[in-house]
Amino acid sequence: MTSSCCLLTNEALSLAVAPLGAEMQYLRTGSGEDLLWHGDAAFWSGRAPVLFPIVGRAVDDLIAVGDHTAAMPQHGFARRQVFALEEQTETSCRHVLKESPESLALYPFSFVLQVTHELDGNRLHVTAEVQNTDQRVMPFGFGFHPAFCWPLPKSDQKTHSISLASGGNPNRVGLQDGLLRPQPVAGPFSDGELELHEALFKDGALVFPHGAESLRYGPPDGPSLEFQFHNLPDLALWRPPGAPFLCIEPWHGTASYLGDGPQIARRPNSIDLQPGLAVQFGYSVTVHV
């Protein structure tokens, strides 16, 4: 974290957002307890990266748009780019990323990506807007990848769970080398409840296509985080072995399926955005700690 971070605060929460990747660096309660993972590289150096223009891996780490082919790292390039700060108040900030010669070599489109963080009482809102400023239809995927402490502060219970508001049991897809297996399988939820334990993640992230909905994270009784999502239909949960955090990742788009080609437009749940138009995404976290 550097001195150029945006520092936001109200009576209930404090937040720091770095220009690199427009990534949250900390989210704390009013009394100073950390809610967000702090980025120790022993487990994972990320905290809450923004994923654009792809989510997850591409086959052979290559993407294509028409005849244009380029190497593309997992989760795209936005998380490694410096965003410009365009607006800041005591409780909100907005960062903007536009195309550059470097990005055009990878992803041949002009675009505007805006990411806004806002504190509203005990609630955090994170919103993003992608605008196609090119002359062609622009295919892409988008997602958020925040990591929250496990266990949550003020919790005397290590057992945490995910509770889906609908009580549903979404199917999941397995991963192989970061790519999706072709056939969905029954997910681990039971009547909308999933008790979290390390064995769940022995094969990597749990990916639930079209499985994102309002949910609660925390111990059965005690502190919790409540999530709501906007235009982010896919959900992933991830925890490296032994790590003291859980990533709760809402996406629009996923990794490629095994054996897929490189075309971004054919990736699962890819968006085809018309020239001159924009699309919004967002999530909110209500803190009960």
Side-chain angles (χ1 to χ4, degrees), residues 37 43-44 46 48-49 51-64 71-76 79 139-148 150 159-217 227 229 232-271 283:
W37 169 242
F43 290 105
W44 181 53
L51 316 182
F52 174 86
I54 65 169
V55 174
R57 276 199 63 199
V59 175
D60 297 325
D61 295 316
L62 294 174
I63 58 95
M72 179 69 69
Q74 179 170 302
H75 294 321
R79 60 184 178 148
F140 69 95
F142 184 86
F144 295 104
H145 196 319
F148 295 93
W150 179 1
T159 299
H160 282 33
S161 62
I162 297 288
S163 303
L164 302 179
S166 71
N169 303 311
N171 288 336
R172 71 177 184 88
V173 288
L175 292 174
Q176 181 176 325
D177 298 325
L179 301 172
L180 301 186
R181 296 181 181 273
Q183 296 299 325
V185 297
F189 284 92
S190 176
D191 296 326
E193 295 291 327
L194 175 60
E195 183 177 311
L196 299 166
H197 53 85
E198 188 160 322
L200 282 172
F201 306 101
K202 62 183 178 63
D203 296 322
L206 302 178
V207 179
F208 304 93
H210 304 285
E213 57 177 83
S214 299
L215 62 83
R216 176 191 182 276
Y217 163 63
F227 292 77
F229 308 116
L232 294 162
D234 306 307
L235 177 68
L237 305 173
W238 177 63
R239 180 201 189 201
F245 65 84
L246 177 73
C247 290
I248 299 175
E249 307 175 41
W251 302 337
H252 199 306
T254 69
S256 296
Y257 282 98
L258 287 164
D260 273 0
Q263 293 290 334
I264 290 182
R266 297 179 185 173
R267 292 172 64 87
N269 224 2
S270 180
I271 295 169
Y283 72 96

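Taking both residues in full, the closest heavy atoms of R239 and A243 are given as NE-O, 2.6 Å, listed atom of the first, atom of the second, then distance. The two atoms that bring V55 and W251 nearest to each other are CG1-CD2, 3.3 Å, heavy atoms only. Residue P209 comes nearest to D234 through the heavy atom pair CA-OD1, 3.5 Å, listed as atom of the first residue, atom of the second, then distance. Taking every heavy atom of both residues into account, S256 and R267 meet most closely at OG-NH1, 2.8 Å. Heavy atoms only, all atoms of each residue included: F208 and P170 are closest at CD2-O, 3.8 Å. When all heavy atoms are compared, the tightest approach of S270 to P139 is OG-CB, 4.1 Å.
Within the 4.5 Å cutoff, no side-chain heavy atoms of L258 are placed close to those of L180. Side chains of Q176 and L179 form no contact here, defined as non-hydrogen atoms less than 4.5 Å apart. Proximity of P244 to W37: side-chain heavy atoms (C-beta onward) are separated by under 4.5 Å at one or more points. The shortest side-chain heavy-atom distance between Y283 and P146 falls under the 4.5 Å cut-off.
The CG atom of L175 sits 9.5 Å away from the CG atom of D177 when rounded to the nearest 0.5 Å. How far NE2 of H145 is from CG of L51: 6.0 Å, rounded to the nearest 0.5 Å. Rounding to the nearest 0.5 angstrom, the gap separating the CZ atom in R57 from the CD atom in Q74 is 7.0 Å. Taking CD1 of I248 as the start and CH2 of W238 as the end, the distance is 13.5 Å to the nearest 0.5 Å. Summarising the geometry, atom CZ belonging to R181 is positioned 8.0 Å from atom CG belonging to D203; distances are rounded to the nearest 0.5 Å.
Exactly one residue among L237, L194, L235 makes a side-chain contact (heavy atoms from CB on, under 4.5 Å) with L215. That residue is L235. Between L196 and the options L206, T159, L246, a side-chain contact (heavy atoms from CB on, under 4.5 Å) holds for only L246.
Between Y217 and F148, the ring center distance fails the sub-6.0 Å criterion.
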* Run the side chain to side chain donor-acceptor pair (under 3.5 Å) check on S163 and E193 step by step: do they pass? -> CA-CA 5 Å; S163 303; E193 295 291 327; 2.8 Å; yes
